[in-house]
S.K.: 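Take a look at the following structure, please.
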Amino acid sequence: MTAEPLLEAQNLAVRYPNGEMALHDVSFKIKSPSFMAIIGPNGSGKSTLIKAFLGLIRPFRGTIKVNGFDSVKNSGKIRKMIRYVPQRDRIELTVPMKVKDIVLMGRLLKKLPPRFASSKDIKISRDALEQVDMVDLWNRPFPELSGGQRQRVLVARALASDGSILVLDEPLSGTDVESQDLIVEALDKYHKENDVSIIMVTHDLNPIHTLVEEVLLLKNTVIGIGEPCSVMDPELMKKVYGPTARIVEYAGHRYCMTRDSGIDRHD
Ligand SMILES: Nc1ncnc2c1ncn2[C@@H]1O[C@H](COP(=O)(O)OP(=O)(O)OP(=O)(O)O)[C@@H](O)[C@H]1O
Ligand SMILES: [Mg+2]
């Protein structure tokens with residue numbers, strides 16, 4: 001555990017080379033350790049924020065720090081702490097790797113060459129696949145899996161590798177309710193048992209809102225931050241998702257219905 005905040009942005013702005021200002025005037029602080037969600041509509045800068053704190057994009061203005069380390073000055077240190085599951089459509093599928101190779105890669109990449117899997121690496125990788133109910137597919141070629149199965153394998157790879165922060169960009173997209181539950185439960189268990197922080201981008205907060213401690217709501221700048229119920233505020237949601245967004249309270253929890261999550265299509 002560290003006294004430094006998990007994430008701290010000060011007046012952060014990120015601009016792509018084509019002039020697109022994806023983030024502007026972003027300032028916030030999230031304590032560590034935490035299970036946090038980053039939410040917001042398409043194009044709101046969620047993936048950009050991740051790329052900024054991983055040091056993959058330089059800020060145009062301002063700073064962002066991870067556990068006190070600056071994304072520009074200490075990017076090497078940050079990458080050692082973080083395991084990153086990118087947004088699915090960016091994963092290379094032309095290489096005919098097996099499920100086991102994908103998960104073991106999470107461990108082997110942090111070793112010096114020559115990289116051989118030890119029996120410990122194999123055990124940890126199998127345990128991680130077990131968590132998401134995928135261990136039976138150990139020898140299956142990864143590109144043959146369905147989209148939801150691939151997501152589960154990628155989550156297992158992140159669970160199997162080392163690092164005190166897990167960053168997942170939309171791990172629930174394209175998965176059915178059963179896969180979502182498996183992924184969310186595996187992450188929650190892992191967070192609680194290992195003192196690991198989890199930063200998860202999600203399109204729909206509903207599957208995880210009872211588990212996450214902090215939510216950052218973005219629309220190219222910070223619209224809301226805090227515990228899920230305070231961010232699930234009708235006015236904030238309308239500001240971001242438009243006038244059709246609704247908040248429903250059920251069994252002591254607040255659920256948000258937007259056209260994004262598809263629940264209010266009949267209203
Ligand atoms: N490589 C890039 N070059 C130029 N503009 C980009 C690039 N990547 C993203 N953008 C733009 O920056 C803005 C934020 O994009 P970003 O990918 O961070 O959004 P997002 O919140 O992750 O969206 P989604 O929910 O669709 O994944 C968008 O307007 C997008 O068009
Ligand atoms: Mg994205």
Side-chain angles (χ1 to χ4, degrees), residues 7 9-28 30 36-66 71-72 75 78-79 82-93 147-148 150-151 154-155 157-158 165-175 179-180 183-184 187 198-209 212 214-225 228 231-232 236-242 244-245 256-264:
L7 283 183
Q10 276 174 339
N11 195 26
L12 177 74
V14 177
R15 195 170 90 162
Y16 284 103
N18 64 356
E20 171 99 25
M21 194 67 92
L23 291 170
H24 64 88
D25 303 299
V26 173
S27 297
F28 67 89
I30 302 273
M36 78 169 286
I38 302 173
I39 63 169
N42 289 141
S44 58
K46 304 179 299 293
S47 298
T48 301
L49 184 73
I50 288 182
K51 289 184 217 153
F53 69 67
L54 286 172
L56 301 174
I57 312 176
R58 280 178 86 91
F60 175 67
R61 205 180 290 124
T63 57
I64 184 154
K65 290 180 183 171
V66 184
S71 71
V72 177
S75 63
I78 292 173
R79 266 178 251 175
I82 287 186
R83 334 165 201 183
Y84 171 42
V85 182
Q87 208 164 346
R88 188 174 82 202
D89 53 2
R90 317 274 151 82
I91 300 278
E92 183 68 62
L93 282 177
R150 275 187 228 138
Q151 284 298 85
L154 294 174
V155 169
R157 177 174 71 178
I165 305 171
L166 212 60
V167 178
L168 306 109
D169 196 345
E170 303 216 24
L172 307 181
S173 75
T175 55
S179 287
Q180 289 189 359
I183 292 173
V184 165
L187 292 175
I198 297 180
I199 302 174
M200 176 167 156
V201 171
T202 179
H203 226 67
D204 183 3
L205 188 60
N206 293 327
I208 54 164
H209 80 283
V212 291
E214 303 267 1
V215 179
L216 177 66
L217 174 60
L218 286 181
K219 192 167 180 182
N220 307 107
T221 190
V222 179
I223 305 292
I225 185 165
V231 176
M232 289 258 203
L236 283 184
M237 287 294 150
K238 282 187 183 146
K239 212 165 157 180
V240 175
Y241 293 100
T244 58
C256 180
M257 295 183 177
T258 65
R259 278 187 297 180
D260 265 5
S261 59
I263 303 171
D264 73 339

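Indexing begins at 1, ligand by ligand and atom by atom, following the structure's order. Just so we're clear, the structure is a prediction, and the values are computed from it rather than from any experiment.
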S.K.: Are side-chain heavy atoms of Asn220 and Met21 found at a separation under 4.5 Å?
M.R.: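 They are not in contact (no side-chain heavy atoms under 4.5 Å apart), so the answer is no.
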
S.K.: Is Lys51 in polar range of ligand 1, meaning some N or O pair under 3.5 Å apart?
M.R.: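 Among all N and O atoms of Lys51, none is under 3.5 Å from an N or O of ligand 1.
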
S.K.: Pull out every atom of ligand 1 sitting under 4.0 Å from any heavy atom of Gly45, numbered as shown with elements.
M.R.: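 Taking each heavy atom of Gly45 in turn, ligand 1 has 14 (C), 18 (O), 19 (O), 20 (P), 21 (O) under 4.0 Å.
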
S.K.: Under 4.0 Å, heavy atoms only, figure out whether ligand 1 is touched by the backbone of Thr48, its side chain, both or neither.
M.R.: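 The part of Thr48 near ligand 1 is both the backbone and the side chain.
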
S.K.: List ligand 1 atoms under 4.0 Å from Glu170, heavy atoms only on the residue side.
M.R.: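 Atoms satisfying the 4.0 Å criterion: 25 (O), 27 (O).
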
S.K.: Less than 4.0 Å is my threshold; does some heavy atom of Gly40 fall inside it relative to ligand 1?
M.R.: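 Not so, Gly40 does not reach ligand 1.
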
S.K.: If you measure from each non-hydrogen atom of Pro41 to ligand 1, which part falls under 4.0 Å: side chain, backbone, both or neither?
M.R.: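 The backbone, only.
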
S.K.: Give yes or no for whether the N/O distance cutoff of 3.5 Å, strictly under, is met between Ala22 and ligand 1.
M.R.: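 No.
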
S.K.: Using a strict 4.0 Å cut-off to heavy atoms of Gln87, name the atoms of ligand 1 that fall inside it.
M.R.: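 Matching atoms, with element in brackets: 27 (O).
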
S.K.: Checking side-chain polar atoms at under 3.5 Å, does Gln151 have a donor or acceptor matched by the opposite partner on Thr175?
M.R.: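 Side chains of Gln151 and Thr175: no pair found under 3.5 Å.
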
S.K.: Can you tell me how far apart CG (Leu49) and CG (Leu7) are? Round to the nearest 0.5 Å.
M.R.: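 Atom-to-atom, Leu49:CG and Leu7:CG are 7.0 Å apart.
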
S.K.: Is the number of heavy atoms from other residues, nucleotides or ligands within 6.0 Å of CZ (Arg61) greater than 12?
M.R.: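 At most 12 heavy atoms, drawn from other residues, nucleotides or ligands, come within 6.0 Å of this atom.
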
S.K.: Decide yes or no for Val212 and Leu205: does some side-chain heavy atom of the first lie under 4.5 Å from some side-chain heavy atom of the second?
M.R.: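 Side chain of Val212 against side chain of Leu205, heavy atoms only: contact under 4.5 Å found.
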
S.K.: Has ligand 1 got any nitrogen or oxygen that is less than 3.5 angstrom from a nitrogen or oxygen of Lys46?
M.R.: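 Yes - when backbone and side-chain N and O of Lys46 are compared with those of ligand 1, one distance drops under 3.5 Å.
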
S.K.: Strictly under 2.8 Å, is any N, O or S atom of Thr48 next to the Mg ion (ligand 2)?
M.R.: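 It does not; every qualifying atom lies at 2.8 Å or beyond.
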
S.K.: For the residue pair Ile57 and Tyr16, establish whether any side-chain heavy-atom pair is separated by less than 4.5 Å.
M.R.: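 They are in contact (side-chain heavy atoms under 4.5 Å apart), so the answer is yes.
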
S.K.: Might you work through the side-chain hydrogen bond (donor to acceptor under 3.5 Å, both in side chains) test for Thr221 and Asp25, ending with a clear yes or no?
M.R.: CA-CA 6 Å; Thr221 190; Asp25 303 299; 5.4 Å; no

S.K.: Side-chain contact, heavy-atom cut-off 4.5 Å: Arg79 with Leu56?
M.R.: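 In short, these two side chains touch, coming nearer than 4.5 Å.
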
S.K.: Within the stated cut-off of 2.8 Å, is an N/O/S atom of Ser47 closer than that to the Mg ion (ligand 2)?
M.R.: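 A backbone or side-chain N, O or S atom of Ser47 is under 2.8 Å from the Mg ion (ligand 2).
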
S.K.: Hey, which atoms in ligand 1 end up nearer than 4.0 Å to a heavy atom of Asn42?
M.R.: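 Under 4.0 Å from Asn42, ligand 1 has these atoms: 23 (O), 24 (P), 25 (O), 26 (O).
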
